[in-house]
Amino acid sequence: MIDVSMWETLEEMQPNVLKMLKNSIQKGRLAHAYLFEGMRGTGKKEISLLLSKSLFCTNPIEGYIPCETCHNCKRINSGNHPDIHVVEPDGASIKKHQIQSLQEEFSKTGVESKRKVYTIVHADRMTVNAANSLLKFLEEPTAETTAILLTEQAQQILPTILSRCQIVTFKHLSPDHLIQKLIEKGVSEKKAPIIAQLTNNLDEGLLLSNDEWFAQAQSIVVKLYEVLRKNPLEALVALQENWFLHFKEKEQIDQGLDLVLLILKDLLYIQLGKQNQAVYLDESSRLEQFALQTSGQRLAHQMTAVLDAKRKLHANMNPQLLMEQLVLELQEGSTFV
Ligand SMILES: [Zn+2]
């Protein structure tokens with residue numbers, strides 16, 4: 001049985017990327033290193049896997065579409081191909097020893113062929129030492145090695161690494177498209193818009209829609225906003241009693257900050273009379289009340305503060321300190337105009 005559905009699905013998502021890869025494979029002109037950059041859920045990891053299969057498949061359709069049924073395709077799908085390596089952050093970062101063991105692996109000749117592919121997920125999270133090790137590796141490419149670096153934050157990658165990669169930009173998918181798909185899959189019309197703001201990926205969206213943690217996260221964030229409007233002390237208490245118990249890992253805090261940002265955006269939309277663009281539909285009546293008590297200028301200032309906190313989070317600032325600073329920042333000038 002021939003299954004081209006994976007290629008077709010991903011082609012629908014990222015037509016330009018797949019067209020470029022198809023041309024490169026057909027002409028035998030693959031780069032030694034690619035940097036796939038784009039938002040979460042835009043298909044970077046899936047397409048890196050697809051490219052690996054295209055290169056190793058023993059029976060590719062039209063020379064480039066992996067057959068999905070041969071021994072190699074199956075092993076790649078189950079993460080068991082000896083010549084394909086995936087490096088992911090070990091905790092918060094990708095460390096030097098991870099890149100070194102990759103290099104050791106690659107200094108052996110290919111277990112089954114000479115060709116080897118490695119993928120580095122969240123390449124922006126490499127420590128400086130890890131990045132420098134990788135750089136040496138990229139400087140000495142061998143003909144049959146392909147590196148694929150994935151990132152949501154290309155601006156955080158060393159320029160020396162960027163300059164050795166072919167940069168492939170993954171386009172942002174339209175939230176409307178995803179909202180439609182989520183609703184088709186049974187997600188309620190009230191929940192779908194907020195989910196579509198946080199991910200670009202249908203499967204991830206479906207997971208979020210059933211995730212109790214995520215449901216609680218939304219109400220904690222609304223509560224935090226509510227108490228922010230009262231006094232600084234109470235907000236700091238709320239941080240300790242609710243926020244820190246719920247948002248523990250860096251990715252969770254990041255998502256919490258995204259939710260704060262969405263509330264502020266909603267308030268702005270409501271003030272501008274664009275209620276139809278708001279996404280916090282479960283809370284719309286409360287947010288309409290809040291919107292009456294703040295100003296556009298203040299909301300803009302608060303959004304800047306949240307974006308700044310996200311940036312600090314990725315620069316590994318202590319989350320406790322970061323959130324306390326943010327709360328104080330959000331409250332600055334809290335006599336409402
Ligand atoms: Zn195959």
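In listed order, ligands and their atoms are each counted from 1. Index from 1, following the sequence. Being a predicted model, the structure only gives us computed values, none of them experimental.
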In chain order, what residues pass the side-chain hydrogen bond (donor to acceptor under 3.5 Å, both in side chains) check against Gln166, with sequence neighbours excluded? none
What do you reckon, are the aromatic ring centroids of Tyr118 and Phe137 less than 6.0 Å apart? yes
Under a 4.0 Å threshold between the charged nitrogen and the carboxylate oxygen, would Glu88 count as salt-bridged to Lys45? yes
Anything under 3.5 Å between a donor and an acceptor, one on a side chain of residues 248-256, the other on a protein residue two or more places apart or in another chain? List them.
residue	atom	partner	partner atom	Å
Lys248	NZ	Leu245	O	3.4
Lys250	NZ	Asn316	OD1	2.8
Glu251	OE2	Arg125	NH1	3.2
Gln252	OE1	Lys248	N	2.9
Gln252	OE1	Glu249	N	3.0
Asp254	OD1	Lys310	NZ	2.9

Would you find more than 12 non-hydrogen atoms of other residues, nucleotides or ligands less than 6.0 Å from Lys265 atom NZ? no
Number of protein N, O or S atoms [distance to the Zn ion (ligand 1) under 2.8 Å]: 4
Strictly by side chain to side chain donor-acceptor pair (under 3.5 Å), give each pair with a member in residues 206-220 just once, sequence neighbours left out. Trp213-His246
